[in-house]
Each structure stands twice: as structure tokens, then as C-alpha cells.
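Values in this document were obtained by computation on a predicted structure and should not be read as measured data. Numbered from 1 within each chain, the chains take letters A, B, ... in sequence-line order.
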2 protein chains.
Amino acid sequence: MNTISYVVLAMLIRSPLTGYELKRFLNLFWEAHHSQIYPTLKELRKQELIEIIDIPDGKRKIYDITPAGKELVKEWVFTKSHAPSQKDEFLAKVFTISALDRDTSKFLIMERKQYFHEQVNDYSKVLASLDDLDAEERRKNFGRELILERKIRLSKEELAWCDWAEEKIEAYFAK
Amino acid sequence: MNTISYVVLAMLIRSPLTGYELKRFLNLFWEAHHSQIYPTLKELRKQELIEIIDIPDGKRKIYDITPAGKELVKEWVFTKSHAPSQKDEFLAKVFTISALDRDTSKFLIMERKQYFHEQVNDYSKVLASLDDLDAEERRKNFGRELILERKIRLSKEELAWCDWAEEKIEAYFAK
DNA sequence: AGCGTCATGTAAATTGTTACATGATTTT
DNA sequence: AAAATCATGTAACAATTTACATGACGCT
């Protein structure tokens, strides 16, 4: 059991999902391609931690977590989490700003802003859509709601940093 | 040339560094172990994008970027950056909160707060230490300063989210 | 004397990405 | 009619981590 296995397992706590849907949920905080998800699901099924509860149209397989899977998740929750890991190419570029010019630096920040504006828009829509759910569904989505709110807050903070950085850059190249 | 190679190259724009120091700079925004850094440095040297300018005590090798390396960095800056990637095990655990109890949920958040408190403390000290540098050194560290400020801001936002989440969790389990 | 940090490197094992494959359904 | 999205899966390749190896230096 590696970390991705636990993460996949955790996604099925909220409700049964297809591999495709599961990937979308998990991509909120964990980067993984479908070519990693499907073999992981296969393996988890082999270990009887998840099961296929339906194949509605011959292709889509709906997975659900088994009681054994739920047990494992509850144990995993108490293990020390790995520190969040990040890889951010943009920041490596920012590191080189003292060797760049004003326009290149501002171009970098502009692109960054665009990216996080989209993030805020996209995830705000998803979060807003939770309001349409009935009380029970809403309750099931509580963890997801917390994570979505975090994503939006952090994206807004990234935007705030961009604004601050723009001014700093302006001052840096003015001198 | 993969992304880690560019990231390593970028670190040497500010000043010459040993592999060990370089890793510490880069870990601000890019997770990589020393077992990945040293072979990368070896390969970049083979391609004459970096060079060893000193071995002060027989073991530490001080690397500097070559003019060819600088050229490459300047080209790379204009390429479209990969979206920042993250892997955050804690958030997978938060996803399962609807299947946990109040105390377990609050314990998770508490641990998270501890982590980001440390981050804020550690990086604030590093940022503050930049004040002691002379004007020229300060200028060279401009990119680093921007990145440190971002790290601190985002860590504080993580803490703010934790506070918000704690209240939400309280309300969730009160019902 | 033991621990933590500094410091560099390689090899084996694991993880993750890109490319290959296929096909339905929906939107423009 | 073409493009995008939904949908699943495998194979080859590349990146990354863990373990193996070694040793200095400063602190308690």
C-alpha cells in the first residue's frame, strides 16, 4: 500500500465513483494521470479493498469501498502525513528575475495571474454547485467542501502575491 | 533537458553554490532529494552548462553557471510553465471527514496547524536575514525574496483556512 | 560517545509520465 | 464534420525515492 492507494481509497468514502470521476476529485490536491489510477484500482480490487458495484453501460465501472477498505482508511488517517509536496516551475523562473528585464518579469507574473484567475473561477463554480444538493448529499460532500474552499482561498492568495510582486518588480527595475 | 535540470540551472543564476546549498534553495518550491540533485549536476556539467569553480576542502564542489547555461535559462523562461503540481496527503484525509468523528477531525487540523506554524517561523527568519545583506547582495537575492514572501503568505493562508475549517467542523459535528 | 548537521555519491526499487490503443457522446 | 469531453486500459520510458556507503565537524 503506497500513498496513492490510500488516496484513491479515500475518494470512495464519500460515494461510489468511476475511475474517471475519482481522478477528477483527487486532482483537487493530488496529481495523478489516468494511467496510474486504473492500475491502482485494479490492484485495490484484487486486495478486496474496493469492489465494482455496477457497469452501467459496458465501459464505465462504478467502484465502491468494502468494509475492509473502510477499516484501512480509518487506520491510515492516524498515521503521520507526508509533508505536502510541490513542484512549481514558475517559481524557479522568478528566482532568476535579477538576471531578467522588467518586461519579461511582468510577463511571467501576468501568465501566473491568468492561471489562478481560472482556478478561482472554476473552483468557485464547483463550490457553488454544492448549494443545490439536499441536506444528506451536502453532508457527504463536507470534506470536499473544505478542500474546495481551501483551493479557492490559496488561489486568491496567489493572486494577491502576484499584485504585491508586480509592485516590488516595478520598484526593483526602477532603480 | 528535463524540468529539474532547468530548475537546478536557475538556482545558479543568483550565485555559485554547492549541491547541498542548491538543494536547500530549490526545496523552497521544488521537492527533490540529493540523490537526484548530484546526478543532475553531473549531467549539466557534462553538457558544459555549469562548471566547478572551486573545491574548497576536497569534498564540497562549488558550481557556477556557464555563459551557455545562462543562454539556456533565458530561453527556458519564455517557455510555457507546467501547472504547479501538488501532492497533499492531509487533504485526502480531510476528504474522509464525513466518515470520521469530531476529535479525529480536529486532531488532523491541529497537526496541520503545527506544520504551517513551523513553516511561517522558519521562513520568516530566512526572509529577515536578507535585511543584513548589503545592497548588491540584496539585489541578487530579489527573486529569492519574492519566493520567500510567497511561501510565508501561503503558509499563513493555510493557517487561516485551518481556523475556518475548525469552526466548520465544530458546526458539522454539533448537528 | 552519541546526535545532528554538513556533505557527496551510487544502485536498486518504485513511482509516475508519455505514448499507444480504442471508441462513444456531446458540443461547436 | 470536426473538436472536445467522456471513458478505460496497457507498455515503454523517464523520473523519483529509498537504501546503501562514507566521512567531517560541532554540540551535549
Between CG of A/Leu22 and P of D/dA7 the distance, given in whole Å, is 13 Å
Here the distance between atom C1' of C/dT10 and atom CD of B/Glu43, to the nearest Å, is 15 Å
Taking 4.0 Å as the cut-off, does a side-chain nitrogen or oxygen of B/Lys87 come that near to OP1 or OP2 on C/dG16? yes
ring-ring contact (aromatic ring centres under 6.0 Å, His included) test vs B/Phe142 passes for just one of A/Phe173, A/Phe95, A/Tyr172, namely A/Tyr172
Between CG of A/Asp122 and P of D/dT5 the distance, given in whole Å, is 11 Å
_Tell me whether A/Trp161 contacts the main-chain N or O of B/Leu146 through its side chain, where contact means a donor paired with an acceptor under 3.5 Å._
yes
Side-chain contact check for B/Tyr20: nearest option of D/dA7, C/dC6, D/dT10 is C/dC6
Note: for A/Asn2 and B/His82 on DNA chain C, the residue whose nearest nucleotide lies more 5' is A/Asn2
When rounded to whole Å, the CH2 to C1' distance for the pair B/Trp30 and D/dA15 reads 11 Å
Is there a donor-acceptor contact under 3.5 Å linking the side chains of A/Asn27 and A/Lys23? yes
query = Are any non-hydrogen side-chain atoms of A/Leu154 and A/Gln119 less than 4.5 angstrom apart?
reply = no
- Given D/dT10, is OP1 or OP2 found less than 4.0 Å from the side-chain N or O atoms of A/Lys42? yes
Atom CD of B/Glu89 and atom P of C/dT15 are separated, to the nearest Å, by 13 Å
Pick base, sugar-phosphate or nothing for A/Asp57, based on heavy-atom distances below 4.0 Å to the nucleic acid. nothing
Closest of C/dG9, D/dT17, C/dT5 to the B/Tyr38 side chain is C/dG9
Taking only N and O in the side chain of B/Arg24, is any of them less than 4.0 Å away from OP1 or OP2 of C/dC6? yes
On DNA chain C, more 5' by nearest nucleotide between B/Glu21 and B/Gln36 is B/Glu21
When rounded to whole Å, the NZ to P distance for the pair A/Lys59 and C/dG23 reads 8 Å
Taken to the nearest whole Å, CE/A/Met1 to P/C/dT15 is 11 Å
I'd like to know if A/Ser35 reaches the base of C/dT18 with its side chain such that a donor and an acceptor end up less than 3.5 angstrom apart. yes
Note to self: Between A/Thr96 (side chain only) and B/Ala10 (backbone N and O only), is there a donor and an acceptor less than 3.5 Å apart?
What the structure shows: no
Looking only at D/dT18, D/dT8, C/dT17, the nucleotide nearest the A/Glu31 side chain is C/dT17
Atom NE2 of A/His34 and atom P of C/dG16 are separated, to the nearest Å, by 15 Å
